[in-house]
Structures are given as structure tokens and as C-alpha cells.
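The structure appears below as C-alpha cells.
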Amino acid sequence: MTAGVEKYGEVVRELYRYYLPYPLEYLRESNREHGELTAAVERRDAVAAVEVTCRHVEALHTTMLHSG
């Protein structure tokens, strides 16, 4: 296994501990957004990458950073 894959695994395990309180469907949607972002970057579609990133960050802002 490469060092990058090992590091990715470590990060994912840490994130899972943090995200346990979130409903599974919310996490699935987040993963779908990550897939959309990856696809946009791979096809070099900057507009789509920015759109999905903004949508994703806004969701994080409203769910993670606001305490009520």
C-alpha cells in the first residue's frame, strides 16, 4: 500500500469518528458531492467544481459550524 493510500485511510477513520452523529443519508449526499467534485476536476470543468464546492461548504457551514 502506498503512503498516500495509508494516509487517506487514517484521515477517513478520523472523519468517521467526527461524523458519527450525522444521519447516514446526509453522509451519502456528502460523498456524492465529493464524487461530483472529483468528476468536475477530472474533466477540468472549473465552473462545475466551484458550484459543487460552494454547495458542499454551505451545507457544512449550516450543519457543522452553527450550534443552533
Side-chain angles (χ1 to χ4, degrees):
M1 192 173 343
T2 67
V5 172
E6 288 176 22
K7 186 63 176 172
Y8 175 78
E10 290 174 24
V11 170
V12 168
R13 282 188 294 280
E14 287 295 315
L15 286 173
Y16 282 160
R17 279 196 278 178
Y18 183 76
Y19 286 113
L20 278 178
Y22 285 91
L24 188 55
E25 187 50 42
Y26 176 87
L27 297 175
R28 287 182 178 143
E29 177 60 27
S30 179
N31 284 341
R32 281 189 288 274
E33 289 174 342
H34 290 165
E36 288 179 45
L37 178 57
T38 300
V41 169
E42 286 175 346
R43 54 176 200 275
R44 298 175 186 251
D45 185 344
V47 172
V50 168
E51 288 173 353
V52 71
T53 300
C54 288
R55 191 172 67 240
H56 189 72
V57 169
E58 179 62 27
L60 290 173
H61 179 73
T62 59
T63 62
M64 293 173 65
L65 303 178
H66 287 220
S67 60

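Note that this is a predicted model, so its numbers are computed, not measured.
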*How would you list, by chain and number, every residue that makes a side-chain hydrogen bond (donor to acceptor under 3.5 Å, both in side chains) with Arg32, sequence neighbours excluded?*
Glu25, Glu29
*Grab the two heavy atoms, one from Ala49 and one from Ala40, that are nearest each other, plus how far apart they are.*
N-CB, 3.6 Å
*asked:* For Arg43, I'd like to know if atom CZ has over 12 heavy atoms of other residues, nucleotides or ligands within 6.0 Å.
replied: yes
*Is the shortest distance from a Lys or Arg side-chain nitrogen in Glu58 or Arg55 to a carboxylate oxygen in the other one below 4.0 Å?*
no
_Side-chain cluster (under 4.5 Å, hydrophobic types only) that Val47 belongs to, other residues_ = none
*Student check: side-chain heavy atoms of His34 and Leu37 closer than 4.5 Å*: no
_So which atom in Glu33 and which in Val52 form the shortest heavy-atom distance, rounded to 0.1 Å?_
O-CG2, 3.6 Å
